[in-house]
Structure formats: C-alpha cells, structure tokens
Amino acid sequence: QEAFTNQGLGYYAQEIGTDYPTIVQPAINTYVNQFVSNHRLGDWNAYWANFTDNIAVRYFNEIYKSWSELKWEKVRHLLTDRLYDSYNFWMINYKNNSMRNKLEKINIQRIDMAAVEVDQYYESFTVRIFASCFDYTETAAGKLIGGSKNQPRLFSEYWTFIRRTGVEKKEAEFSLYNC
C-alpha cells in the first residue's frame with residue numbers, strides 16, 4: 001500500500017511523450033472488423049467520425065469542464081470508480097489548500113484509435129487524444145502558482161470508452177447527463 005501526498009501541488013513540468021507514436025493494439029484491424037461485423041456497420045470511417053465527434057470530444061470537454069469548475073459530481077456517472085477517486089483525491093487537495101486547477105480553451109487536435117476490445121459483456125475503444133489548453137493552478141485570491149494563462153500546454157492522453165455489449169444506439173443519442 002502506498003500513501004500519497006500532495007507535495008508539488010501546482011507544480012508543472014513539460015509533458016514527455018506527447019510527440020511519441022501512439023501505442024496501437026497488435027492486429028487492431030481484426031478487432032475493428034469484428035466490431036463492424038457485430039454492429040452491421042456499413043462504413044467504419046463514418047462510424048469513427050461520429051464516435052469522435054459525438055462521444056470522445058463531447059465527453060472529454062465535459063469532464064475537464066467539470067474539473068475546472070470544481071463540479072466533479074456532475075460527471076460521476078461518466079467515470080469508473082478508480083478514475084473518479086483518483087481525480088477526486090487531487091480536487092480535494094486543491095480545495096483544502098485554497099487552490100484551483102483550471103483547464104481553459106481546450107483544443108483537440110486529433111484522436112487516434114489505439115485498441116478495440118469486444119467480449120460477451122463489454123466492448124471498448126481506447127483512443128489517444130492529442131490536445132492543448134491553458135493549464136494553470138491559482139490560489140483562491142487569483143495568484144498564479146503554476147502553469148500558464150498565456151502559453152497553451154500540449155498533451156496527449158489515452159482514454160478508454162466502455163459500454164455494455166449489444167448496445168445499438170447511435171452515438172448521437174448518447175447523453176452526457178445519463179449513465
């Protein structure tokens with residue numbers, strides 16, 4: 001068991017690896033083809049564009065908006081327990097230290113497919129999201145502690161979107177506000 005501390009809260013360093021190639025599941029096309037077959041999709045590219053626009057981009061922006069607004073409960077239903085608890089740890093520490101981490105003007109440059117998993121219970125897409133934003137931490141009084149309000153920070157993250165196997169809704173029908 002490891003005890004975590006908030007040492008370095010508000011500390012910023014340049015992210016390493018954003019320019020590295022995306023790690024892609026071996027034989028990913030086999031899994032994509034299985035997904036296409038399972039859902040009788042006529043055009044994978046149209047489905048992928050719809051997924052990125054109506055799921056990945058919208059959820060990414062909503063989750064980070066809730067983070068910046070200190071309204072973490074607003075997106076609780078969109079996160080796994082572990083991810084929620086991990087981010088909540090930091091949010092509580094920011095609050096307890098009268099600090100706030102803000103992410104503003106998020107700009108998603110691209111989304112790469114990294115993995116597709118399908119089993120009898122769940123199916124998931126793991127994607128790598130390349131983005132930039134103004135990422136900074138300030139005190140309750142507005143004093144800048146770390147990051148920048150003027151220089152966008154480039155970053156990339158792997159996100160996994162999971163749903164129950166057999167869901168046949170169009171991605172545009174998914175709601176940010178319901179589980």
Side-chain angles (χ1 to χ4, degrees), residues 6 8-25 28 31-32 35 44-95 99-117 123-138 142 144-163 170-177 179:
N6 63 6
L9 196 62
Y11 171 77
Y12 282 77
Q14 184 64 35
E15 182 172 314
I16 297 172
T18 297
D19 57 343
Y20 292 178
T22 299
I23 300 169
V24 178
Q25 171 186 37
I28 190 170
Y31 298 100
V32 168
F35 183 86
W44 166 254
N45 292 327
Y47 182 87
W48 173 248
N50 191 24
F51 171 81
T52 57
D53 293 347
N54 289 306
I55 300 291
V57 168
R58 290 179 61 218
Y59 283 51
F60 187 89
N61 285 326
E62 188 68 21
I63 288 168
Y64 280 130
K65 178 182 171 196
S66 295
W67 168 267
S68 292
E69 293 175 350
L70 301 176
K71 296 180 180 175
W72 203 225
E73 281 299 319
K74 185 177 170 187
V75 293
R76 173 64 187 101
H77 62 286
L78 300 176
L79 306 169
T80 61
D81 292 341
R82 186 175 178 114
L83 185 61
Y84 177 83
D85 289 343
S86 173
Y87 277 52
N88 198 47
F89 168 85
W90 291 108
M91 189 171 283
I92 289 168
N93 276 282
Y94 280 120
K95 284 180 183 178
M99 296 179 186
R100 183 172 178 177
N101 177 239
K102 290 187 176 183
L103 306 173
E104 296 177 342
K105 297 185 180 178
I106 294 174
N107 179 23
I108 297 174
Q109 283 93 37
R110 81 175 201 260
I111 301 175
D112 291 352
M113 175 59 79
V116 177
E117 297 288 336
E123 52 191 21
S124 67
F125 287 173
T126 298
V127 299
R128 185 175 181 196
I129 301 174
F130 292 84
S132 65
C133 69
F134 297 109
D135 179 1
Y136 61 93
T137 300
E138 62 184 9
L144 186 67
I145 303 240
S148 174
K149 295 181 181 183
N150 305 313
Q151 180 67 36
R153 182 177 188 186
L154 299 173
F155 65 100
S156 70
E157 298 177 348
Y158 287 87
W159 281 47
T160 300
F161 295 85
I162 303 168
R163 71 178 183 186
K170 293 182 179 166
E171 267 54 27
E173 296 174 9
F174 281 87
S175 170
L176 292 169
Y177 311 106
C179 186

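Each residue takes its place number in the sequence, starting with 1. As a basis for the values below, the full set of heavy atoms in this structure was taken, side chains included, without hydrogen atoms, waters or symmetry mates. Computed from a prediction, not measured in an experiment: that's the story for all the values here.
Contact check for K95 versus N93: no side-chain heavy atoms found under the 4.5 Å cut-off. Residues F134 and L103 form no side-chain contact, since every pair of their non-hydrogen atoms from C-beta on lies 4.5 Å or further apart. Residues S132 and R153 are not in side-chain contact: their nearest non-hydrogen atoms beyond the backbone lie 4.5 Å or more apart.
Summarising the geometry of R58 relative to D53, their closest heavy-atom pair is CG-O, 3.5 Å, with the distance given to 0.1 Å. Considering every non-hydrogen atom in both S156 and R128, the closest pair reads OG-NH2, 2.9 Å. Here the shortest heavy-atom pairing between C133 and F155 reads SG-CE2, 3.8 Å. Here the shortest heavy-atom pairing between D112 and F130 reads OD2-CE1, 3.3 Å. Annotation for A115 and Q25: closest pair CA-OE1, 3.3 Å, computed over non-hydrogen atoms. Residues M113 and T126 share a closest heavy-atom pair of SD-O, 3.6 Å.
Checked by atom type and distance alone, the side chain of N101 pairs as donor or acceptor with a backbone atom of Y136 at under 3.5 Å. A donor-acceptor contact shorter than 3.5 Å is absent between the side chain of T22 and the backbone of V24.
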Q.
Assess the residue pair E123 and R163 against the criterion (side chain to side chain contact (heavy atoms under 4.5 Å, CB included)); give the C-alpha distance rounded to whole Å, side-chain angles, the decisive distance to 0.1 Å, and a yes or no.
A. CA-CA 6 Å; E123 52 191 21; R163 71 178 183 186; 2.7 Å; yes
Q.
Determine whether W48 and V127 satisfy the following criterion, side chain to side chain contact (heavy atoms under 4.5 Å, CB included), listing intermediate values before the conclusion.
A. CA-CA 11 Å; W48 173 248; V127 299; 3.6 Å; yes
Q. Step by step, would you call E138 with R100 a salt bridge (charged side-chain N to carboxylate O under 4.0 Å, His left out)?
A. CA-CA 6 Å; E138 62 184 9; R100 183 172 178 177; over 6 Å; no
**Q.** Residues K149, E104; criterion salt bridge (charged side-chain N to carboxylate O under 4.0 Å, His left out); working and verdict
**A.** CA-CA 8 Å; K149 295 181 181 183; E104 296 177 342; over 6 Å; no
Q: Take N50 and I55, measure what side chain to side chain contact (heavy atoms under 4.5 Å, CB included) needs, and give me the verdict at the end.
A: CA-CA 8 Å; N50 191 24; I55 300 291; over 6 Å; no
Q) Would I162 and T160 count as a side chain to side chain contact (heavy atoms under 4.5 Å, CB included) if you check the C-alpha gap in whole Å, the side-chain angles of each, and the deciding distance to 0.1 Å? A) CA-CA 6 Å; I162 303 168; T160 300; 3.8 Å; yes
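Centroid-to-centroid, the aromatic rings of Y87 and W90 stay 6.0 Å apart or farther.
No more than 12 heavy atoms of other residues, nucleotides or ligands shown are found within 6.0 angstrom of CD1 on I23.
Once rounded to the nearest 0.5 Å, the distance linking CE of M91 with OG of S68 reads 8.0 Å. Atom-to-atom distance recorded for I129:CD1 and I111:CD1 is 5.0 Å, nearest 0.5 angstrom. One finds the CZ atom of R76 at 9.0 Å from the CG atom of L83 (value rounded to the nearest 0.5 Å). Atoms OH and OG, from Y31 and S124 in turn, are 11.5 Å apart once rounded to the nearest 0.5 Å. Interatomic distance, CG of D81 versus OG of S86, reported as 12.5 Å (0.5 Å rounding).
Checked options F51, Y158, F161; the residue passing with F125 is F51 (criterion: ring-ring contact (aromatic ring centres under 6.0 Å, His included)).
When only modelled atom types and interatomic distance are considered, E73 and Y84 share a side-chain donor-acceptor pair under 3.5 Å. Side chains of T18 and E15: a donor on one and an acceptor on the other come within 3.5 Å.
Using cut-offs of 30° and 60° on the angle between ring planes, the pair W67 and W72 is perpendicular. Between F60 and W159, the ring-plane angle classifies as tilted under the 30° and 60° cut-offs.
With salt bridges taken as basic N to acidic carboxylate O contacts below 4.0 Å, one links K74 and E62.
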